[in-house]
Amino acid sequence: MSTAQYSPPNPPREAGWSTVFIIAGAGVVSAFQVGKAPMALGAVQLDLGLSLIVVSWLISAFAIVGAIVGAPVGLAAGRIDTKRMVVGGLALQALGSGLGGVSSGVELLMLSRVIEGLGFMAVFVAGPTMIFAIVARRIQDRAIAVWATVMPVGMTVVMLAAPLLTLLEWRGFWLLNSAILFAYAVFFVFAIPSQKVATANVQHIGSQLKQALVAPGPWALATIFAAFSAAFFVVFGFLPSLLTERFDLGPQLASTISAIAIAASGVGNLAAGFLLASGRKPLHVLAAGFLVMTLFGFGVLAADLSWIAIAVLAVLFAFMAGLIPVVLMDSVPCFAPRPELVGATLGLAMQGNNIGMLVGPAAGGALAASLGWTSVAVAMALVSVAAVLLARSAYKKRTTSERQPAGEGVQP
């Protein structure tokens with residue numbers, strides 16, 4: 001096994017692949033809520049008479065919520081039955097999407113996205129925490145890899161559902177998502193047995209949060225996740241506009257290329273799971289992902305190539321990028337200060353992911369405007385190298401740490 005596995009007190013019956021796919025399904029329908037906003041921006045802007053700046057906050061609201069509440073939500077996952085947390089997260093998203101569909105102004109629409117963001121974070125922290133706790137150890141690396149695919153799968157599916165947006169209009173599409181989320185929540189109630197992921201310590205939640213925040217491991221994971229997210233969204237935040245501006249491609253073709261590339265990241269997720277399960281060292285997989293991703297990213301952003309070559313490089317970039325989140329999530333139990341802080345560590349890692357999602361495109365856009373796209377590619381390379389060096393140091397420290405989760409160490 002590539003990493004030390006999370007072994008909660010009084011471990012429950014080990015679950016198999018059917019449970020993994022049901023949990024992953026909750027992530028997929030949650031990812032719909034991320035992908036639906038970019039698709040509908042134009043329709044929402046026209047219907048409500050909003051400026052582009054205001055309507056763009058529909059996308060940013062998710063990242064801001066995740067950047068603020070990740071660690072506290074993670075601690076809640078360590079104290080609450082994770083099944084209830086997933087069901088509650090799905091229900092919150094259903095409520096938010098329903099409110100958005102009937103909103104008459106920007107205020108209620110923004111509130112609905114905040115509610116959706118809270119529910120999204122609940123699912124995305126409780127889902128992998130549940131996998132760590134109840135899934136059979138022999139398949140855990142591959143199970144986490146399946147979980148890592150939920151974002152590219154969900155976003156790709158919702159992009160392919162674009163004709164429904166035209167048929168139902170954006171409000172109907174929001175209400176359809178609400179119905180899907182509610183139905184999956186009901187299904188989840190009956191399909192997954194209730195399980196406690198860990199014994200809730202008598203310590204105050206503030207004390208546990210402090211312990212997670214002062215430990216170096218969670219911060220290292222959060223920083224590496226932020227570097228990955230910043231690099232990924234620098235490329236995919238601007239790829240459609242780069243293709244249309246440089247090569248005069250139509251918006252539909254540019255979006256299709258982006259969707260295919262995002263789907264390739266899901267293949268990379270699965271490849272990472274098989275590499276880890278076959279005994280590859282996590283640091284080696286992580287370093288390969290960052291360094292080769294950076295090489296392909298340089299070609300996408302700065303090379304003077306045809307649009308077909310750039311599209312191919314974007315697919316390869318996404319595939320290599322897909323290796324990274326699987327290694328990071330699979331390493332969460334190793335970097336948690338104590339087993340009951342696995343949820344908080346995962347939540348802090350998700351905060352890093354969301355901070356990178358916010359900062360990366362903003363910094364990339366500013367650099368491109370002032371110094372050109374080559375400067376963005378160089379900055380991405382520097383960030384990636386720094387992330388690999390930090391990862392090397394973090395994994396090395398875990399191998400020599402006195403704490404050995406579940407009696408195993410981490411392979412550097």
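Evaluation of the side chain to side chain donor-acceptor pair (under 3.5 Å) test over residues 158-172, restricted to residues two or more places apart or in two chains, returns Asp47-Trp170, Asp47-Arg171. Screening residues 16-29 for side chain to side chain donor-acceptor pair (under 3.5 Å) gives no qualifying pairs among residues at least two apart or on separate chains. Within the structure, no pair that satisfies the salt bridge (Lys or Arg N to Asp or Glu O under 4.0 Å) test touches residues 284-298, not counting sequence neighbours.
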Under 3.5 Å, which donor-acceptor pairs link side chains of residues 383-391 to any protein atom two or more places apart or in another chain?
from, atom 1, to, atom 2, distance (Å)
Ser384, OG, Thr294, OG1, 2.8
Ser384, OG, Met380, O, 2.9

Could you list the donor-acceptor pairs under 3.5 angstrom formed between side-chain atoms of residues 359-366 and any protein atom two or more places apart in sequence or on another chain?
none

Identify all side-chain donor-acceptor contacts of residues 98-113 below 3.5 Å with residues at least two apart in sequence or on another chain.
from, atom 1, to, atom 2, distance (Å)
Ser103, OG, Gly100, O, 2.8
Ser112, OG, Leu109, O, 2.5
Arg113, NE, Leu58, O, 2.9
Arg113, NH1, Gln33, O, 2.9
Arg113, NH1, Glu116, OE1, 3.2
Arg113, NH2, Gln33, O, 3.3
Arg113, NH2, Leu58, O, 3.1

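Residues satisfying the side-chain contact (heavy atoms from CB on, under 4.5 Å) test with Ala309, not counting sequence neighbours, are Leu305, Ser306. With sequence neighbours left out, the side-chain contact (heavy atoms from CB on, under 4.5 Å) criterion links Val315 to Ile260, Ala261, Ala264. With sequence neighbours excluded, the residues satisfying ring pair (Phe, Tyr, Trp, His ring centres under 6.0 Å) with Phe187 are Tyr184. Evaluation of the side chain to side chain donor-acceptor pair (under 3.5 Å) rule for Ser30 yields Gln93 as partners, not counting sequence neighbours. Considering only residues two or more places apart in sequence or on other chains, Ala230 meets the side-chain contact (heavy atoms from CB on, under 4.5 Å) condition with none of them. Remark: Ser393 pairs with Lys397 by the side-chain contact (heavy atoms from CB on, under 4.5 Å) rule, at least two apart or across chains.
A side-chain donor-acceptor contact under 3.5 Å links Lys83 to the backbone of Val189. A donor-acceptor distance shorter than 3.5 angstrom exists from the side chain of Ser229 to the backbone of Asn353, with no hydrogens or angles considered. Using modelled atom types, no side-chain atom of Ser97 and backbone atom of Ala94 make a donor-acceptor pair closer than 3.5 Å.
Atoms CZ and CG, from Phe233 and Asn354 in turn, are 8.5 Å apart once rounded to the nearest 0.5 Å. To the nearest 0.5 angstrom, Arg246 atom CZ is 8.0 Å from Trp373 atom CH2. In this structure, CG in Leu276 is found 9.0 Å from CG in Leu323, a value given to the nearest 0.5 Å. The line from CG of Leu275 to CZ of Arg280 is 6.0 Å long, rounded to the nearest 0.5 Å. If you take CG on Leu176 and CG on Leu181, they are separated by 9.5 Å, rounding to the nearest 0.5 Å. Between Ile115 atom CD1 and Leu95 atom CG the span is 5.0 Å, to the nearest 0.5 Å.
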Under the criterion side-chain contact (heavy atoms from CB on, under 4.5 Å), I'd like the reasoning laid out for Met329 against Leu221: C-alpha separation, chi angles, the key distance, then a yes or no. CA-CA 9 Å; Met329 286 193 289; Leu221 280 180; over 6 Å; no
Step by step, would you call Leu242 with Leu301 a side-chain contact (heavy atoms from CB on, under 4.5 Å)? CA-CA 8 Å; Leu242 282 174; Leu301 295 173; 3.8 Å; yes
Please report the C-alpha distance between Phe298 and Leu313 in whole Å, then the side-chain angles of each, then the deciding distance to 0.1 Å, and finally whether the side-chain contact (heavy atoms from CB on, under 4.5 Å) criterion is met. CA-CA 9 Å; Phe298 194 95; Leu313 288 174; over 6 Å; no
May I have the step-by-step check of ring pair (Phe, Tyr, Trp, His ring centres under 6.0 Å) for Phe32 and Phe120, ending in yes or no? CA-CA 10 Å; Phe32 290 174; Phe120 177 87; over 10 Å; no
Under the criterion side-chain contact (heavy atoms from CB on, under 4.5 Å), I'd like the reasoning laid out for Phe335 against Trp219: C-alpha separation, chi angles, the key distance, then a yes or no. CA-CA 9 Å; Phe335 287 93; Trp219 282 107; over 6 Å; no
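At a threshold of 4.5 Å between non-hydrogen side-chain atoms, the residues Phe274 and Asp141 do not count as touching. The shortest side-chain heavy-atom distance between Phe319 and Phe296 does not fall under the 4.5 Å cut-off. Between Leu291 and Met320 there is no side-chain heavy-atom pair separated by less than 4.5 Å. When side chains are defined from C-beta on, Ile23 does not count as touching Val86, because their heavy atoms never get closer than 4.5 Å. For the pair Phe290 and Ile224, the minimum side-chain heavy-atom distance is below 4.5 Å.
Applying the 6.0 Å contact sphere to CZ of Phe247 captures more than 12 heavy atoms from other residues, nucleotides or ligands.
A pairwise comparison of heavy atoms in Ala314 and Leu239 identifies CB-CD2, 3.9 Å as the closest pair. In terms of heavy atoms, Gly266 sits closest to Thr149 at O-CG2, 3.4 Å. Arg142 and Gly273 make their closest contact through CG-O, 4.0 Å (heavy atoms, listed as atom of the first residue, atom of the second, distance). Closest approach of Ile131 to Ala143, counting heavy atoms only: CG2-CB, 3.9 Å. Here the closest heavy-atom approach between residue Pro152 and residue Asn269 is recorded as CG-OD1, 3.6 Å. Annotation for Ala368 and Val376: closest pair N-CG2, 3.7 Å, computed over non-hydrogen atoms.
Between Trp147 and Phe124, a ring centre-to-centre spacing shorter than 6.0 Å is recorded.
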